[in-house]
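Please read the structure below before turning to the comments.
One-based numbering along the sequence shown.
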Amino acid sequence: MLADSHCHLNYKGLVEEQQAVLERARARGVTAMLNIATRESEWDEIIGTAEREPDVWATVGIHPHEADRHPNVDTAKLVARAAHPRVVGIGESGLDYYYDHSDRARQQDSFRAHIAAAREAGVPIVVHTRSAEDDTAAILRDEMAKGAFTGVIHCFTSSGAFADIALDLGLYISISGIVTFKNARDLQETAARLPIERLLIETDAPFLAPVPHRGKAGEPAFVADTGAFLAALRGQSVDSLQEATARNFHTLFSKTIA
């Protein structure tokens with residue numbers, strides 16, 4: 001059992017040979033893949049892939065880079081699309097102050113709208129945060145005080161202190177292939193101590209291919225390599241880590257087992 005909790009199967013680099021990509025993942029034991037949306041124009045295609053493939057599910061959402069270009073995507077629109085049986089989460093949404101491709105205030109408003117949609121639809125939010133720890137934490141805390149919601153910090157690269165905040169709020173943390181990089185010592189220290197019951201793994205394919213695939217387009221099959229590295233880092237068996245993270249995936253994204 002292996003779950004890739006975050007990939008982009010309809011992105012260039014994967015979509016051209018999507019069926020082969022899926023078969024390679026299945027051959028390595030991947031039994032669940034979450035195909036993530038970043039802009040509204042992708043939603044139908046992403047949902048369509050999930051409709052065709054029984055081990056693929058979908059999200060709907062707007063990446064913070066795209067927030068300026070999607071002023072019409074509000075909570076109601078997200079909730080309406082989340083009613084689809086193959087849509088199991090909202091996102092990815094959040095804050096990215098590293099590139100600042102969208103106005104920060106607009107990113108924050110979009111993030112809050114996504115959280116409200118996740119709360120209303122009863123599905124998790126997939127959170128993207130980069131160079132925005134303080135504001136991400138503040139919004140998550142403020143919104144949680146308005147009403148509980150579930151979610152995951154995807155492709156976690158933040159500080160150990162932010163990990164603790166996310167865990168205290170009841171969120172999950174997903175580790176990508178970045179953890180296998182030589183310069184990721186701080187992330188490795190955090191990943192080694194995360195509670196197993198809140199841990200997910202992902203590829204963010206076609207990005208961030210882990211060692212030993214650096215330089216290649218990432219794909220869901222590579223979640224097995226990240227899982228093996230993470231198991232060794234944590235001093236547990238590969239099988240136990242794979243089974244636990246897959247179980248966590250289905251627990252968090254509960255519509256996958258509905």
Original post:
Going by distance alone, is a donor N or O of one side chain under 3.5 Å from an acceptor N or O of the other, for Q107 and S102?
Top reply: no
**OP:** For V123 and K255, run side-chain contact (heavy atoms from CB on, under 4.5 Å): C-alpha distance rounded to whole Å, both residues' side-chain angles, the deciding distance at 0.1 Å, then the answer.
**Re:** CA-CA 8 Å; V123 297; K255 279 179 72 174; 3.7 Å; yes
Could you pull out all donor-acceptor pairs under 3.5 Å where a side-chain atom in residues 75-83 meets a protein atom, sequence neighbours excluded?
unit_1, atom_1, unit_2, atom_2, d
T75, OG1, A113, O, 2.9
K77, NZ, E40, OE2, 3.2
R81, NH2, D44, OD1, 2.7

**OP:** Under the ring pair (Phe, Tyr, Trp, His ring centres under 6.0 Å) rule, collect the residues that match up with F253, sequence neighbours excluded.
**Re:** F249
Subject >> Distance, nearest 0.5 Å, that separates CD1 of I196 from OG of S240 >> reply: 6.5 Å
Subject >> Spatial distance of atom CG (D204) from atom CD1 (I178) [nearest 0.5 Å] >> reply: 8.0 Å
Original post:
Does I115 share a hydrophobic cluster with V126, counting links as ILVMFWY side-chain heavy atoms below 4.5 Å and allowing steps through other members?
Top reply: no
Original post:
Hey, is the main chain of T136 close enough, under 3.5 Å, to the side chain of R141 for a donor-acceptor pair?
Top reply: no
**OP:** Considering non-hydrogen atoms only, spot the tightest contact between H114 and S110 and give its length.
**Re:** ND1-O, 2.7 Å
Original post:
Side-chain donor-acceptor pair under 3.5 Å between T256 and H250, yes or no?
Top reply: yes
Original post:
Between N35 and H8, do the side chains contain an N or O donor and an N or O acceptor separated by less than 3.5 Å?
Top reply: no
**OP:** Identify the heavy atoms of V211 and D225 that sit nearest to each other, and give their distance.
**Re:** O-CB, 4.1 Å
Subject >> E120, CD: over 12 other non-hydrogen atoms inside 6.0 angstrom >> reply: no
Original post:
For H154 and L200, what are the C-alpha separation, side-chain angles and deciding distance, and is it a side-chain contact (heavy atoms from CB on, under 4.5 Å)?
Top reply: CA-CA 9 Å; H154 110 87; L200 300 178; over 6 Å; no
**OP:** May I ask you to check whether E51 and H84 show a side-chain donor-acceptor distance below 3.5 Å?
**Re:** yes
Subject >> R119 and E143, any side-chain heavy atoms less than 4.5 Å apart >> reply: yes
Subject >> Under 3.5 Å donor-acceptor, R234 side chain and A191 backbone >> reply: yes
Subject >> Spatial distance of atom OG1 (T245) from atom CG (L230) [nearest 0.5 Å] >> reply: 8.0 Å
Original post:
Linking I/L/V/M/F/W/Y whenever their side-chain heavy atoms sit closer than 4.5 Å, directly or via other members, would L22 and V223 fall into one cluster?
Top reply: yes
Original post:
Can you tell me how far CD1 of I201 sits from CG of D4, rounded to the nearest 0.5 angstrom?
Top reply: 8.0 Å
**OP:** For L194 and A163, work out which heavy atoms get closest and say how close.
**Re:** CD2-CB, 4.3 Å
Subject >> Ring-face cation contact, Y98 with R130, 6.0 Å cut, 45° max >> reply: yes
Subject >> ILVMFWY cluster, F149 and F111 together (side-chain gap under 4.5 Å) >> reply: yes
Original post:
Does a side chain donor of either H128 or D96 reach within less than 3.5 Å of an acceptor in the other side chain?
Top reply: yes
**OP:** Treat each ILVMFWY residue as a node, draw an edge where side-chain heavy atoms are under 4.5 Å apart, and state whether L95 and I62 are in one component.
**Re:** no
Original post:
Have T31 and D55 got a donor and an acceptor in their side chains that come within less than 3.5 Å?
Top reply: no
Original post:
Do you see a donor-acceptor pair shorter than 3.5 Å between the side chains of E92 and H6?
Top reply: yes
Original post:
Atom OG1 of T251 and atom CZ of R198: how far apart are they, to the nearest 0.5 Å?
Top reply: 11.5 Å
Original post:
Does the side chain of T129 come within less than 4.5 Å of Y97's, by heavy atoms?
Top reply: no
Subject >> side-chain hydrogen bond (donor to acceptor under 3.5 Å, both in side chains) against T59, all qualifying residues, sequence neighbours excluded >> reply: none
**OP:** Measure the shortest side-chain to side-chain distance between C155 and E202 over non-hydrogen atoms and say whether it is less than 4.5 angstrom.
**Re:** yes
**OP:** Applying salt bridge (Lys or Arg N to Asp or Glu O under 4.0 Å), name anything that partners R86, two or more places apart in sequence or on another chain.
**Re:** none
Original post:
Restricting to pairs with a member in residues 162-210, which pass ring-ring contact (aromatic ring centres under 6.0 Å, His included), not counting sequence neighbours?
Top reply: Y11-F207
Original post:
Stepwise, does the side-chain contact (heavy atoms from CB on, under 4.5 Å) test hold for L140 with L171?
Top reply: CA-CA 10 Å; L140 289 170; L171 303 179; 4.0 Å; yes
Original post:
Looking at CZ of R28 and CD of E23, how far apart are the two atoms once the value is rounded to the nearest 0.5 Å?
Top reply: 15.0 Å
Original post:
side-chain hydrogen bond (donor to acceptor under 3.5 Å, both in side chains): which pairs involve residues 178-193, sequence neighbours left out?
Top reply: D164-R193
**OP:** Please step through salt bridge (Lys or Arg N to Asp or Glu O under 4.0 Å) for the pair R24 and E17, ending with a clear verdict.
**Re:** CA-CA 11 Å; R24 286 194 292 269; E17 54 166 350; 3.2 Å; yes
**OP:** Determine, using the 4.5 Å side-chain heavy-atom cutoff (strictly less than), whether I175 and I125 are members of one ILVMFWY cluster.
**Re:** yes
**OP:** Show your working on side-chain contact (heavy atoms from CB on, under 4.5 Å) between V30 and M33 and close with a plain yes or no.
**Re:** CA-CA 8 Å; V30 180; M33 291 163 270; 3.8 Å; yes
Subject >> T38 and E42 side chains, donor-acceptor separation under 3.5 Å >> reply: yes
